[in-house]
Amino acid sequence: MSSSVNPSRLPDVADDAAALARPLDWVGMDRIALPLRVHGTDGEVVQVAASVDAAVDLQRAGARGIHMSRLYLRLQEAFAGEALTPAGLRRVLQDMVESQRGLSGAARLTIRYDHLLKRQALASDHAGWKNYPVRIEASLRDGHLKLALAFSAEYSSTCPASAALSRQLNAERFATDFADARPLSPGVVGEWLASERGLAATPHAQRSRADAVVELRASFDELPFAALIDAVEAALGTPVQTAVKREDEQAFAKLNAENLMFCEDAARRVAAALAGDARVERYDVTVSHFESLHAHDAVARVSGSRS
């Protein structure tokens, strides 16, 4: 439906002088719903639903407010025609500044969406999709683009201390059950190990999560979520699985035994993976082990720069 109203004749109190004049750090909108095009698992472009926070600074102290509707309307079309890239983000941020016609000199975007990656089972021929909530933080000031990616990776952590205590109980039971058995037959020992008597105790394990915020170097033209997530999961060794048959569950149990770790160990593993990545300028990592033994969580934090 067309309107006969002339916008130029409508009152605009945003042009009034500010009562308490001063510049403002950021002004904008949070949780704008937008469709985005991103690179998927095999490099193909897929559309995702995103939530976007958009803001500009208000440099002119006496101005009452920014042109907020311009930000909103420009964002509606900003990412429609191409996949999200650092170059595209720079262009959108610059357009946000220019839309304010001298009121602003800096802009920032925070973009949240769910990144889907297809994961192969450990031993069987099955596969499944895993969801990774991600966040992009992009800002432009004086022509300088600052870009950070935030993501989480869930994994299983088996306690080294609990594993050592379990091994001790297993050894003591073995010594008791075979105290008078001479000589020991490999077949008999194998049967004992495969029986319930062969497992006197099991170490405690829990679902855990590594949360990373990675500042990217300016020389790269991609948003490497998949590569960074792959690197972190490979460093930890026990990412949670999607499709699981019995052979996959057994393979997962083997990985847990080969990757015993405290939260401190996990933090160092993730830090080493990110510090060695040429795309990373700086990283901040928090690992949380949601304890099955304790009523509290075990947490370690580490930050650093590319080595």
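Quick note: residue numbers are just sequence positions, from 1.
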If we only count heavy atoms from C-beta on, is the [X] to [Y] side-chain gap below 4.5 Å?
X	Y	answer
I66	L71	yes
V280	L228	yes
W26	L58	no
V52	T110	no
L223	L147	yes
C159	P203	no
V213	Y283	no

Spatial distance of atom [atom1] ([X]) from atom [atom2] ([Y]) [nearest 0.5 Å]:
X	Y	atom1	atom2	answer
E172	Q168	CD	CD	4.5 Å
R173	W192	CZ	CH2	7.0 Å
L109	L140	CG	CG	10.0 Å
I229	Y132	CD1	OH	6.0 Å
E77	L34	CD	CG	9.5 Å
N256	T158	CG	OG1	3.5 Å

### Query
If you group Ile, Leu, Val, Met, Phe, Trp and Tyr by side-chain heavy-atom gaps below 4.5 Å, do M29 and V27 land in one group?
yes
### Task
Quick one: closest heavy-atom pair of A54 and L75, and the distance?
CB-CD1, 3.4 Å
### Task
State, to 0.1 Å, how close T242 and A127 come at their nearest heavy-atom pair, and which atoms those are.
OG1-C, 4.2 Å
Do NZ/NE/NH1/NH2 and the carboxylate oxygens of [X] and [Y] come within less than 4.0 Å?
X	Y	result
D30	R112	no
E222	R279	yes
R31	D53	no
D284	R282	yes

Between [Y] and [X], is there a side-chain donor-acceptor contact under 3.5 Å, judged purely by atom types and distance?
X	Y	answer
S156	T238	no
T286	D211	no
Y155	H289	yes

### Query
Stepwise, does the salt bridge (Lys or Arg N to Asp or Glu O under 4.0 Å) test hold for E233 with K130?
CA-CA 13 Å; E233 289 190 340; K130 192 189 294 187; 3.3 Å; yes
For the backbone of [Y] and the side chain of [X], can you confirm whether one donor and one acceptor N or O come within less than 3.5 Å of each other?
X	Y	answer
Q59	D57	no
S104	Q100	no
N170	L199	no
Q241	A121	no

### Message
Apply salt bridge (Lys or Arg N to Asp or Glu O under 4.0 Å) to residues K245 and E249 and explain how you reach the verdict.
### Response
CA-CA 6 Å; K245 302 291 284 183; E249 187 169 358; over 6 Å; no
#### Entry: E281/S305 under side-chain hydrogen bond (donor to acceptor under 3.5 Å, both in side chains): CA gap, chis, key distance, verdict
CA-CA 6 Å; E281 183 65 33; S305 303; 5.8 Å; no
### Summary
So the ring-ring contact (aromatic ring centres under 6.0 Å, His included) pairs with at least one residue in residues 197-240 (sequence neighbours excluded) are H115-F225
### CZ/F178: more than 12 non-hydrogen atoms of other groups inside 6.0 Å
yes
### Query
For D125, does the CG atom sit with more than 12 other heavy atoms under 6.0 Å from it, leaving out its own atoms?
no
### Quiz item: cation-pi between R119 and W129, 6.0 Å / 45°
no
### Message
Going by salt bridge (Lys or Arg N to Asp or Glu O under 4.0 Å), name the residues that satisfy it together with R60, two or more places apart in sequence or in a different chain.
### Response
none
### Query
Would E264 and R269 count as a salt bridge (Lys or Arg N to Asp or Glu O under 4.0 Å) if you check the C-alpha gap in whole Å, the side-chain angles of each, and the deciding distance to 0.1 Å?
CA-CA 9 Å; E264 297 93 332; R269 288 188 180 199; over 6 Å; no
### Set of residues satisfying side chain to side chain contact (heavy atoms under 4.5 Å, CB included) with respect to F290, sequence neighbours excluded
R209, S288, D297
